[in-house]
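Numbering of ligands and ligand atoms starts at 1, following listing order.
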Amino acid sequence: MLGVSGSIAAYKAADLASKLAQAGAQVDTILTRAATQFITPLTFQSVTGRRAYTDDDLWGSEAHVLHIGLGHAADLLVVAPATAHTLAKLAQGLGDDLLGVTALAATCPVLVAPAMDAGMYAHPATQANVAALRGRGVTFVGPEAGHLASGLVGPGRLSEPATILGQIRYLLTRGGPLAGRTVVVTAGGTREPVDPVRYLTNRSSGKQGYAVAQAALDAGAEVILISTVDGLPLPAGAQHQPVETAQQMADAVLAAAAAADVLVMAAAVADFRPAQAADHKIKKESGVPTLELAANPDILLAVADQRRALGRPKVVVGFAAETDDLLKNAQSKLERKGLSFIVANDVSAADAGFAVDTNRVVLLGVDGWSETLPLMSKADVAEKVIERVLRVLGEPAHMDADR
Ligand code: CTP
């Protein structure tokens, strides 16, 4: 259910409705009277293929049941854009229009995306309404800071449809088979400083790790994403812990793993770092430098030690990126690092491994099973990994194929 109120940002709600419909959602739209000044119900009907309602419907033939029906049928009520007036109405529980009465009748979670002038958003009355709604469990997305229609710069802009969509995805998946479980995922290649402007790293893009984080979120988990990546959109709902070096990643992983159910080490951890990072930029006048390297900690080995003491995480998954003897090397890492299973991937193939969006992997389990997967998107590989995690945890492995 999408509620649209009267803001200049209402046009973005049509894009949101369109993206939701494309993702397979059945979107019923309610426009407030002010919203119809900016955009028509026909726009929403065209992109969703379903009725869009206005206050005229409140007084129509279905009047006494429409809002109850809409409110009860909804899995989620999204109000985007939410004006200061609509926030006030939702906070006070006013039922003087179709959106107001439907919100009162709805029993589902509510997501609100405010859009208004920065001064109106900062007003104590609006802030009190936001606090009241938050206190009732309403989730907020935005507003973002930026240039506003009034010419002011500040928080008030409606979040981008893709951002709102991410929050919707998060809220709709909370009841999944990993609900109540914490999954720690690492992603990206570590960066080992040589001097203040240079570092040693590798070709890992972090895409496979981000996809695993998204798949775990889709299964209902709380996700801690420990990553070196800055160019990828963060999956909505993930708790992000940015790190740079292998040592920082080791510290973050060991701390998070102590209370986690699952650890998926998709990061490409540098085995070596410059023994001494220079304090100042190394200048070429000083001649060609010799770089002495020191060994980094093996994070999975450290996790294995901690796991023997704490019994957590229950499931530990490693990745093996290999160019030769894929299965033999992966099998030995599986055993040596005490993993539940390992995702072996041949990074010498052009369509698999680093930077590309597809991957070809074999899953190898500690108790002898293996699963060879065909070439597929990293998102699909991630879903297969999470399905396996569910199986190892002994949870029913059903996942909603649409999400
Ligand atoms: N890994 C780790 N700590 C390291 C190196 C790797 O925890 N210092 C993890 C990776 O995140 C991955 C798995 O171990 O899940 C295998 O990584 P890989 O680099 O293939 O293995 P290495 O043990 O480094 O072996 P080699 O580089 O010799 O192939």
**Prompt:** Can you tell if the side chain of Y199 reaches within under 4.5 Å of the side chain of T190, non-hydrogen atoms only?
**Reply:** no
**Request:** Please write down residue, atom name and distance for the protein heavy atom closest to atom 8 (N) of ligand 1.
**Result:** P297 O, 3.0 Å
**Item:** Under 4.0 Å to a heavy atom of G318 - the qualifying atoms of ligand 1, by number
**Value:** 15 (O)
**Item:** Identity and separation of the nearest protein heavy atom to atom 16 (C) of ligand 1
**Value:** F319 O, 2.8 Å
**Closest approach of any protein heavy atom to atom 27 (O) of ligand 1, naming residue and atom** = D271 OD2, 3.0 Å
**Prompt:** Can you tell me which residue and heavy atom of the protein come closest to atom 22 (P) of ligand 1, and the distance to 0.1 Å?
**Reply:** K337 NZ, 3.8 Å
**Prompt:** Got a protein heavy atom sitting under 4.0 Å from atom 19 (O) of ligand 1?
**Reply:** no
**Asked** Does a salt bridge link E244 with R191, judged by any charged N lying under 4.0 Å from a carboxylate O?
**Response** yes
**Asked** In terms of side-chain heavy atoms, does S46 have a donor or acceptor partner in T43 at a distance below 3.5 Å?
**Response** no
**Item:** Check: A270 N/O within less than 3.5 Å of ligand 1 N/O
**Value:** no
**Over all atoms of both residues, closest heavy-atom pair of R50 and Q45** = O-CG, 3.1 Å
**Prompt:** Is K333 close to L300 at the side-chain level, that is, under 4.5 Å between some pair of heavy atoms?
**Reply:** no
**Item:** Pair Q167-T163, side-chain donor/acceptor within less than 3.5 Å
**Value:** no
**Prompt:** In terms of residue, atom name and distance, what is the protein heavy atom nearest to atom 11 (O) of ligand 1?
**Reply:** A267 O, 2.8 Å
**Request:** Give the atoms of ligand 1, by number and element, whose distance to some non-hydrogen atom of D298 is under 4.0 Å.
**Result:** 2 (C), 3 (N), 4 (C), 7 (O), 8 (N), 23 (O)
**Prompt:** Tell me, which protein residue and heavy-atom name are nearest atom 29 (O) of ligand 1, and how many Å apart are they?
**Reply:** K333 NZ, 2.8 Å
**Request:** Using only heavy-atom distances, determine whether the side chains of T245 and E192 contain a donor-acceptor pair under 3.5 Å.
**Result:** no
**Fill in**
atom 3 (N) of ligand 1 has as its nearest protein heavy atom I299 N, 3.0 Å
**Asked** So which protein heavy atom does atom 9 (C) of ligand 1 come closest to, and at what separation?
**Response** L300 CD1, 3.6 Å
**Message:** For the residue pair R391 and W369, would you count it as a cation-pi contact if the rule is NZ or CZ under 6.0 angstrom from the ring centre and within 45 degrees of the ring axis?
**Reply:** no
